[in-house]
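What you are looking at is a predicted structure, and each value in this text was computed from that prediction instead of being measured. Reminder, nothing fancy here: chain letters follow the sequence lines and each chain counts from 1.
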Protein chains: 2
Amino acid sequence: MAKKYNISVEATLEVIGGKWKCVILCHLTHGKMRTSDLKRHMPNITQKMLTQQLRELEQDGIVNRISYNQVPPKVEYELSDYGRTLQSILDSLCAWGEQHIIKEYGDKFAVLEDNVLNH
Amino acid sequence: MAKKYNISVEATLEVIGGKWKCVILCHLTHGKMRTSDLKRHMPNITQKMLTQQLRELEQDGIVNRISYNQVPPKVEYELSDYGRTLQSILDSLCAWGEQHIIKEYGDKFAVLEDNVLNH
DNA sequence: TGCTATAGGTTCTAAAAAGTAACTATAACC
DNA sequence: GGTTATAGTTACTTTTTAGAACCTATAGCA
């Protein structure tokens, strides 16, 4: 049967842990996005990691994958209903990061890439 | 100069990302703990990883290290004031994990180790 | 004397995670 | 006919992370 957890947060980390998942999900809190949009917002992620992480999030029921049957392909991702139960956590993580940047660097504009500030 | 972030959550993950930090911090939300207490609550962490992660959290100002000058040594860790700005996020992460476990397994008692349930 | 407990350091190795590069398909366009 | 765009796969390599096994010091105790 199931694995054992020593504290419930371990279960959370199994779903949204790792280097990229929280970042992907934070972007998706702003709404549906195509693969190429995500890629644009995450210039350092590789195609491989992006699809791999999205697959896992899909399998865990966090995101929906919407595939339009056309060529060239068009695929969109969005937070699922279940994924939206993470929304306030994701918002808080972003907000904390922003405060942390201000604390560390004094000015968030100094370290946030332009594209981010267009939110 | 500073590195650039493409989204503020990246800064958060730099501080509390990784396999162990959130778990350590969640335990510390319940109050000050000795190294050996933490170890007991995290049977799968190695001594090396535990001290390494605690060092990093200390350097980022998230935890305080309180060393009593005695033999055998006694060291306690606690959330710092700054670390406590993460408290509600940590609580939410734990709560979400608990709900997720219930969703996945139906019964949290089936997968949470006994020691956890004594909280 | 020899053992335990405590917190931690060090070196080496194993495993996991992530990156690189090359490949697929096909419609639309020049 | 050649090029671009899109989303994705695959095999291989590198980097990062984590673990195992060893070491330190010393008070207290049988």
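Within a 6.0 Å sphere centred on NZ of A:K32, other residues, nucleotides and ligands contribute 12 heavy atoms or fewer.
For the pair A:L50 CG and C:dG19 C1', the interatomic distance rounds to 14 Å; values are reported in whole Å. Taking atom CD1 of residue A:I24 and atom P of nucleotide C:dA18, one finds them 11 Å apart after rounding to whole Å. For A:L38 and D:dG8, the CG to P distance is 10 Å, given to the nearest whole Å. Nucleotide C:dT6 holds its C1' atom 17 Å from the CD1 atom of B:I66, rounded to whole Å. One can place CD of A:Q47 at 13 Å from P of D:dT10, the figure rounded to the nearest angstrom. Taking atom NZ on A:K21 and atom P on C:dA18, their separation rounds to 9 Å, with Å as the unit. Here C:dA27 presents its P atom at 18 Å from NZ of A:K74, a figure rounded to the nearest Å. Whole-Å rounding puts the A:I45 CD1 to C:dA18 P distance at 9 Å.
Side-chain contact check for B:E58 and B:Y77: no donor-acceptor pair (N or O, by modelled atom type) lies under 3.5 Å.
For D:dT6, the OP1/OP2 oxygens have no side-chain nitrogen or oxygen of A:R34 closer than 4.0 Å. Between A:R55 and D:dG8, a side-chain N or O to OP1/OP2 separation shorter than 4.0 Å is present. B:S36 has no side-chain polar atom (N or O) that falls below the 4.0 Å cut-off from OP1 or OP2 of C:dA5. Within the structure, every side-chain polar atom (N or O) of B:K19 is placed at least 4.0 Å from both OP1 and OP2 of C:dA17. Within the structure, every side-chain polar atom (N or O) of A:Y68 is placed at least 4.0 Å from both OP1 and OP2 of C:dA27. Within the structure, a side-chain polar atom (N or O) of B:R65 is placed less than 4.0 Å from OP1 or OP2 of C:dG8.
A heavy-atom distance below 4.5 Å is not found between the side chains of B:V63 and B:S80.
The nucleotide whose nearest atom lies closest to any side-chain atom of B:P73 is, among C:dG8, D:dA18, C:dT6, C:dT6. The side chain of A:T46 approaches C:dG19 more closely than any other nucleotide in the set C:dG19, D:dT6, C:dA18. Comparing atom distances between the A:P72 side chain and each of D:dA7, C:dA27, C:dA7 picks out C:dA27 as nearest.
At least one donor-acceptor pair closer than 3.5 Å links the side chain of A:T12 to the backbone N or O of B:G97.
Each of A:V71 and A:M49 was assigned the nucleotide of DNA chain C with the nearest heavy atom; the assignment lying further toward the 5' end belongs to A:M49.
Within 4.0 Å (heavy atoms only), B:Q52 reaches no atom of the nucleic acid at all.
When hydrophobic clusters are built by joining Ile, Leu, Val, Met, Phe, Trp and Tyr residues whose side-chain heavy atoms come closer than 4.5 Å, directly or via intermediates, A:I102 is not grouped with B:I89.
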